[in-house]
Every structure is written in C-alpha cells, then in structure tokens.
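Take a look at the structure below.
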Amino acid sequence: MDPIVDLDFIDNRTPEQAAACDTKVTAETNTGKGRKLYIESYGCQMNFSDSEIVSSIMFEQGFDTTSDIAQADLVFLNTCSIREKAEQTVRNRLGQINYFKKKKPAMMVGVLGCMAERLKKSLLEEEKIVDLVVGPDAYRDLPNLISEVDGGQKAVNVLLSREETYADINPIRLNSNGVSAYISIMRGCDNMCSFCVVPFTRGRERSRDAHSIVREAQALIYQGYKEVTLLGQNVDSYKWVSEDGAETVNFAQLLEKVALLDHNLRVRFSTSHPKDITDEVLYTIKKYDNICKYIHLPAQSGNSRVLELMNRTYDRDWYLNRVDAIRRILGQECGISSDMIAGFCTESEEEHQDTLSLMDYVQYDYSYMFFYSERPGTLAARKLEDDIPLEVKKRRLAEIIEKQRETSLNRNKLDVGRVHKVLVEGYSKKSDEQLSGRNDQNKVVIFDKKHYKKGDYVNVFVHDCSVGTLFGEAVD
Ligand code: SAM
Ligand code: SF4
C-alpha cells in the first residue's frame, strides 16, 4: 500500500524502511549475459519507467539485471532533484555503495536522471566513486559511455533533447507485479512552475508517437498485464502529430485508443494539470468503463496569490471549476488526489488556511504533501525569498497532513457498504491468507484469498476502512 502521506519531515523510519518506500531496485533477469547491472530508482514514476528503458538498452549491451548489489558489475542510481532531501538521500547512498566498490574495484558506478543533469561534473569531482553521469535524454549513448569507462576514463553526457522519446525501446519491466505497468507517453515539461526543477532537468515537453504507445500497450496485454498507467508531467497537453502532418492525436484520443484495445485492460494516467484538463478528457473517461475514475490533479495551494507566485497559471476559482466539472461529469465516486506544497515564499497564515479550506471543499481521497524546498536555478530561487521559517513550514505541513487524513477517512467511509471491482496485485503485506488489490479509484482493498489469485478481477463487498485501506469480502 502507498503511504498515506509523503513526509518531508518527522521521518522516524529506519534507513531500511525509508529505502523500501523511496527506492525501487531491479528484479532479476538471468539470461546468461556476461555482466550484471544493478539499478536503483528514486523519485517519480517517470524515473522508474526510465530505469526500465535503461535496463533494456543495457541488456542489448550484454548486461543481465540483478537485485543483489554485491553481484553487480555496474551500479546505476537513477536520481531525483525535486527536493533537497531527495538529492541528499542519493549522496548518502553513494557513500554506502563505496563499501561494495572497495570489495570489487572493477565495479562501475553511474548516476542517471535529474541529479545528473543538474550536478554534472561536480558529481564526478566530489563523489570519487562515480564513473559516469548520464542525463535523462542521453540513455541511448550509454553503450559508448560504458566503453569509455571500460577504457579507464570517466564519462558524462547530460545533453537534453527536443525529440528523444525512446519510442522504439521495449522496456524491461523491472518492478512490475506482472499485473500493472507504466507507459511513458511524453517527456519533459514546458510549464515553468516557479518552484520546480523539472523543466531544467528533463528539458522541453515532447509527445511520443501514438502508434508506439498503442503497440506497447498491446504487447503488455499479450504478456498478461491487466493495467497500464500512461505517464507524463502534464498528460493533458499530450499532442502527437505524424511526420507528414496528416494525423494528430490529443490526450483524450490517446486514452480512447488504449481503452479500446481490450475492455479487460484498466487504463490509468498521471499527472493531470488543472489548467489543461478538458471536458473532452472527462467525457472520454466516462465513456469507457475500463478507464479508471481517478484523477491526480495537483493543486499545490488553495490561494490565488500564491498560485500566481508559483506560476501555476490557474487560480483557486479555476481549480474549483475543474473539480466541479469532474463531479458533474464523473460523479462523486470519482477519486481525486493532489500534491500540496506548504510554506511557499511569502505565504501568510490566511493563505495557508485557504489551502485547508480547498481541501475541505474538494475532499481529496489522497495527497502527496511536501514543505517548500528551494531548488537552485528555479524561478522562485532567482526571484523570491524563501522566507517562511522551517518550523512554520513544518507546522503548516502537519496541518495539511492532518486535514488529508480526515478527508481520506471521510472518503473511505463512503466506500463502505458497496461492492467494488478489485484488480488483485498480490498477497496482503500482513498475511498470505489475504489478497491486496486496487479498486477503480486506486484505493487498496484487502480481502480473504479464497480461490482468487493475482491478476483476477474480484467483486469485493467493503465492510470496513481505515485512513489508507478498505477491507472487505469477495462476493462472486
Ligand atoms: N507535473 C506534476 C504537476 O504539475 O503537478 C508534478 C511534478 S513534481 C515531480 C511532483 C510534485 O513535487 C509537485 O507536484 C510538487 O508538489 C512537488 N514539488 C516540486 N518542486 C518542489 C519544491 N521545490 N519543493 C517542494 N515540493 C516540490
Ligand atoms: Fe514541474 Fe510544473 Fe512541470 Fe509539474 S507542471 S513538472 S510542477 S514545472
């Protein structure tokens, strides 16, 4: 189950628990290749998806993947720069990896992803164990870079591209439960939210060839997958135009194409941007039973002045209008989740209260909540003062988290007493006699196993709930 909150403070977890939540490590491929790659992914789903592309490229170069770092000839950390804490985690991890490198000096260590782009050479200079640094648009160059390292040099490529979408690369599914998989539909971001490093670390927005997306979804269906999540920083601005200009596909049309492949395939998507989500998308979701009624619609703040400073390009009224449209077209049952930032530059107590009142109005099922972390090079870092004291940020974040716990529980209580269609993902964490799956709204549902198994759709009558989970009985 996902944690109900994403804490940027009051972190009482052990290093092992923290690693299990924040990091994903490769699964094994044992095809007898000469060398082994171990890859850890940090940060957003896009990074996990990129690691699957990287593993595919490295597989072609003679690397199986391993989940045991001690077995690895090549260790990759696919990193995140979104908040300072994410970068610090990776720096600490490099220190730990040094222990393995000392035992096996030939082991190569590479830093991939957003930190690579942001920190480039300083990583090579300050972190002596790092042999190569590769940005998110340069993974096709990995074979050359590995040869350079094999030849005794350090290697860097952090060039960003306006075209690269890795459309033709068939990802190796690393962390999949065999039931659900991610499909990247676009890369980069053209929005310039003032707090965010993504436009700098991942470059300009570009949409992937719609046919290659449909082919990837089709291949997953053949392999037995039951759910795909279409990924992009702002899926609503997906727009692919064929080379001859004769064909154009927008996000609503893409959703429809994937949904039509197989009515047994659940289709999810993330992230929707409040300024771009259209009624056409909402009606497409309504039209197909297999498009999940769940929308991740990050608000970031409930106050219009703060939203303007954040350069989100919508205000509170616009956001609420979009929520009203979701409720009007898709009903109260549609799940809505958000990202929230506490203590952005100059945010007053009253403005913080506006975030809490927005949460009361929307009744989010779930939120990812953070306190503001200034990132070098962003618009906010250049133009605004990070003037809210850390203690105040933490207190406001705690209030936002408390509000979310309240609304998650309210929303979950509405699910009690109803039958939900659940896609089984595996055993529950606590018992092999119980299964865990998700309903349409992406909520975790736990129920007795009976004769059901991973990958089954099961109708479950929900009789109880907690803040993060629904509990029920299969009724088939
Ligand atoms: N593209 C998505 C969107 O627009 O909502 C989200 C992308 S970002 C990877 C995920 C979340 O991290 C953001 O929605 C925001 O809440 C949070 N975030 C980004 N930059 C941050 C910063 N400097 N400090 C705190 N949180 C931040
Ligand atoms: Fe960052 Fe804004 Fe782009 Fe999301 S939409 S990735 S928050 S710049």
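Atoms within a ligand are numbered from 1 in the order they appear, just like the ligands themselves.
- Atoms of ligand 2 found under 4.0 Å from any heavy atom of Pro199, numbered from 1 in the order shown, are 8 (S).
- If you look at Lys275 next to ligand 1, there are no close heavy atoms at all, none under 4.0 Å.
- Between the side chains of Asn47 and Arg202, at least one donor-acceptor pair of N or O atoms lies under 3.5 Å.
- Within the 4.0 Å heavy-atom cutoff, Gln300 does not count among the residues contacting ligand 2.
- Using a 4.0 Å cut-off between charged side-chain N and carboxylate O, Arg206 and Glu163 make no salt bridge.
- The ring of His273 has its center closer than 6.0 angstrom to the ring center of Tyr314.
- At distances below 3.5 Å, not a single donor-acceptor pair connects side-chain atoms of Asn250 with backbone N or O atoms of Lys239.
- The protein non-hydrogen atom at the shortest distance from atom 2 (Fe) of ligand 2 is Cys193 SG, 2.3 Å.
- A salt bridge links Arg173 with Glu216: at least one charged nitrogen is closer than 4.0 Å to a carboxylate oxygen.
- Atom 6 (S) of ligand 2 has as its closest protein heavy atom Gln233 OE1, 3.5 Å.
- When the heavy-atom distances from atom 24 (N) of ligand 1 to Ala381, Cys193, Ser373, Ser270 are ranked, the shortest goes to Ser373.
- From the protein, the heavy atom lying nearest to atom 5 (S) of ligand 2 is Asn191 ND2, 3.4 Å.
- Taking distance alone, with nitrogen or oxygen atoms compared against 3.5 Å, Arg375 stays at or beyond that limit from ligand 1.
- Here's the thing with Cys196: none of its N/O atoms is less than 3.5 angstrom from an N/O atom of ligand 1.
- Side-chain atoms of Asn234 and Asp276 form a donor-acceptor pair, as typed in the model, at a separation below 3.5 Å.
- Cys196 SG, 2.3 Å is the protein heavy atom nearest to atom 1 (Fe) of ligand 2.
- Ligand 1 places these atoms under 4.0 Å from at least one heavy atom of Ile82: 8 (S), 9 (C), 12 (O), 18 (N), 19 (C), 20 (N), 21 (C), 22 (C), 23 (N).
- No donor-acceptor distance shorter than 3.5 angstrom exists from the side chain of Ser212 to the backbone of Arg208, with no hydrogens or angles considered.
- For ligand 1, none of its N or O atoms has an N or O atom of His273 under 3.5 Å away.
- The only option from Arg312, Arg83, Arg375 that meets the side chain to side chain contact (heavy atoms under 4.5 Å, CB included) definition with Phe195 turns out to be Arg312.
- Contact atoms of ligand 1 toward Arg83: 12 (O), 17 (C), 18 (N), 24 (N), 25 (C), 26 (N), 27 (C) (distance under 4.0 Å to a heavy atom of the residue).
- Only side-chain heavy atoms of Phe370 come within less than 4.0 Å of ligand 1; its backbone N, CA, C and O stay farther off.
- Checked for salt-bridge contact, Arg438 and Glu227 miss the test: no charged N lies under 4.0 Å from a carboxylate O.
- Checking only distances, Glu374 never comes within under 3.5 Å of ligand 1, N or O to N or O.
- Between Gln233 and ligand 1, at least one pair of N/O atoms sits closer than 3.5 Å.
- Under the 3.5 Å distance criterion, the side-chain polar atoms of Arg140 are left unmatched by any main-chain donor or acceptor of Ile57.
- Here is the list of ligand 2 atoms found below 4.0 Å of a heavy atom in Arg312: 2 (Fe), 7 (S).
- Counted by atom type alone, Gln96 and Arg93 present one or more donor-acceptor pairs between their side chains at under 3.5 Å.
- Residue Arg312 places a heavy atom less than 4.0 Å from ligand 1.
- Closest to atom 3 (Fe) of ligand 2 among all protein heavy atoms lies Cys189 SG, 2.3 Å.
- A donor-acceptor pair shorter than 3.5 Å cannot be found between the side chains of Ser436 and Glu425.
- A salt bridge links Glu351 with Arg305: the closest approach of a Lys/Arg side-chain nitrogen to an acidic carboxylate oxygen falls below 4.0 angstrom.
- For ligand 1, the atoms closer than 4.0 angstrom to any heavy atom of Gln300 are 5 (O), 13 (C), 14 (O), 15 (C), 16 (O).
- If you look at Pro298 next to ligand 2, there are no close heavy atoms at all, none under 4.0 Å.
- For Ile341, the heavy-atom gap to ligand 1 drops under 4.0 angstrom.
- The closest approach between a heavy atom of Tyr368 and any atom of ligand 1 is not below 4.0 Å.
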Practice task
Apply side-chain hydrogen bond (donor to acceptor under 3.5 Å, both in side chains) to the pair Gln88 and Arg91, showing each step before the final yes or no.
Solution key: CA-CA 5 Å; Gln88 199 47 53; Arg91 295 269 190 179; 5.8 Å; no
